[in-house]
Protein chains: 2
Amino acid sequence: MEREIIDRCDTTCIHEEAVREARKQMLSDETAGFLAELFRTLGDTTRVKLLFALMQRELCVCDVTAVIGMSESAVSHQLRILRNQRLVRYRRQGKILYYSLADSHVARLFEQGLEHVTE
Amino acid sequence: MEREIIDRCDTTCIHEEAVREARKQMLSDETAGFLAELFRTLGDTTRVKLLFALMQRELCVCDVTAVIGMSESAVSHQLRILRNQRLVRYRRQGKILYYSLADSHVARLFEQGLEHVTE
DNA sequence: TTAACATATGAGCATATGTTCAGATGTTAT
DNA sequence: ATAACATCTGAACATATGCTCATATGTTAA
């Protein structure tokens, strides 16, 4: 087990204790993957704008295309991605779908992100 | 100006008022871009693990390769990306570089992200 | 049921991204 | 100065991603 750690390091393992600790506390592949997937979803200018618009009010797809100035198809594709990540939800009223944020996490993530970016 | 908004919508603009408001409050292209870039940087399993390891303690590059089980070259490339985004910093001690988190934003972003992912 | 509208979806294409490989750079010890 | 080590970097390649275009789906009104 410790050998395994050392074997992985092809040169010299400088701080075995730190490495052992870090490995013990490390996120599972699955969790790290989900987290990365979430951030990757937020990592696109179109989706950032889209989410930001929805942060203030609900909008139908047509509205969104007007707000962010993209084709309806592009917006629809992006909305699907956001839906899959459970970042947005929608309600239907007739043939119109109204999208809104699914929870408050996005707002908090944006806050933190903006703090980092603008400092 | 209002015409511009309406022109962009090739079908029917359903909620002109909402669209106008949303456009007024919208992030600038630049800010949205920076924000997206930040999240994109967090949107990779390797980098998530790397940052998570550094969240608890500083590590040298060799340690990191051992912790996350990737080649030294891959780790080095990723560290550069994180450096460029000012997410990590390093101090040199002899030939060894010790990396650590640049600020506390990552930790908060991870918190929020994990909450979303695990709920 | 048919036409019109709002939205969704699949395929295709161009670009972006992550890893590997080979070699470069910078630091310390000899 | 030279060798050894820790880390970095550029090029190359395979995969992932975002947009567009054409078409499909679902809803309402006629």
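Lettering of chains follows the sequences in order, A, B, ..., and the numbering in each one begins at 1. Quick note: numbers below take in every heavy atom, side chains included, and nothing from hydrogens, waters or symmetry partners.
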Q) Atom CZ of A/R91 and atom P of D/dG26: how far apart are they, to the nearest Å? A) 21 Å

Q. Hey, are the side chains of A/E21 and B/Q56 touching, using non-hydrogen atoms and a 4.5 Å cut-off?
A. no

Q) Looking only at side-chain N and O atoms, does B/S71 come under 4.0 Å of OP1 or OP2 in C/dT19? A) no

Q: Give a yes/no answer on whether the side chain of A/R80 brings an N or O atom under 4.0 Å of OP1 or OP2 in C/dG10.
A: yes

Q: Please state how far atom OH in B/Y90 lies from atom P in C/dT27, giving the value in whole angstrom units.
A: 10 Å

Q: Indicate whether OP1 or OP2 belonging to C/dT19 is found under 4.0 Å from a side-chain N or O atom of B/T46.
A: yes

Q. Just by modelled atom types, is the B/Q85 backbone N or O under 3.5 Å from a matching donor or acceptor in the A/H116 side chain?
A. yes

**Q.** Nearest-Å distance for atom pair NZ/C1', residues B/K95 and C/dT27
**A.** 7 Å

Q. D/dT9 phosphate, OP1 or OP2: any side-chain N/O from B/R83 under 4.0 angstrom?
A. yes

Q: May I ask you to say whether A/E119 pairs ionically with B/R86, meaning some side-chain N is under 4.0 Å from a carboxylate O?
A: no

Q.
Counting C-beta onward and ignoring hydrogens, is there a side-chain heavy-atom pair between A/T46 and A/M70 closer than 4.5 Å?
A. yes

Q: Taking the side chain as every heavy atom from C-beta outward, state whether A/Q78 and A/D44 have any pair of such atoms under 4.5 Å apart.
A: yes

Q: Take the protein atom CZ of B/R92 and the nucleotide atom P of D/dC5, then report the distance between them rounded to whole Å.
A: 17 Å

Q) What integer distance in Å separates B/I96:CD1 from D/dA4:C1'? A) 13 Å

Q | Minimum-distance nucleotide to B/E72 side chain [options: D/dC19, C/dA6, D/dC8] | A | D/dC8

Q: Give the rounded distance in Å between these two atoms: CG of A/L79 and P of C/dT9.
A: 11 Å

Q: Starting at atom CE of A/M70, determine the distance to atom C1' of D/dG18, rounded to an integer number of angstrom.
A: 9 Å

**Q.** Short side-chain N/O contact to C/dA6 OP1/OP2 from A/Q93, under 4.0 Å
**A.** no

**Q.** A/L27 vs A/L35 side-chain heavy atoms within contact, under 4.5 Å
**A.** yes

Q: Mind listing the residues from residues 30-44 of chain B sitting with a heavy atom below 4.0 Å of DNA chain D? Number order is fine.
A: none

Q. How is A/Y99 classified with respect to the nucleic acid when contacts are heavy atoms under 4.0 Å: base, sugar-phosphate, or nothing?
A. sugar-phosphate

Q) Hey, is the side chain of B/R47 poking within less than 4.0 Å of OP1 or OP2 on C/dG18, counting only N and O atoms? A) yes

(Q) Counting neighbours of OH on B/Y90 that are heavy atoms of other residues, nucleotides or ligands and sit closer than 6.0 Å, is the number greater than 12? (A) no

Q | Intermediate values then yes/no, salt bridge (Lys or Arg N to Asp or Glu O under 4.0 Å), B/E111 and A/R108 | A | CA-CA 10 Å; B/E111 262 173 51; A/R108 303 229 187 86; over 6 Å; no

Q: Ignoring hydrogens and angles, answer whether the base of C/dT9 and the side-chain atoms of A/S76 contain a donor-acceptor pair closer than 3.5 Å.
A: no

Q.
Is it the case that D/dT7 (base atoms only) and B/S73 (side chain only) share a donor and an acceptor within less than 3.5 Å, ignoring hydrogens and angles?
A. no

Q: Specify the residue among B/L97 and A/I81 whose closest nucleotide of DNA chain D lies further upstream toward the 5′ end.
A: B/L97

(Q) Tell me whether the ring of B/H77 lies stacked over the D/dT9 base, given a 5.5 Å limit on centroids and a 30° limit on the plane angle. (A) yes

Q. In whole angstrom, what separates B/L59's CG from D/dA6's P?
A. 15 Å

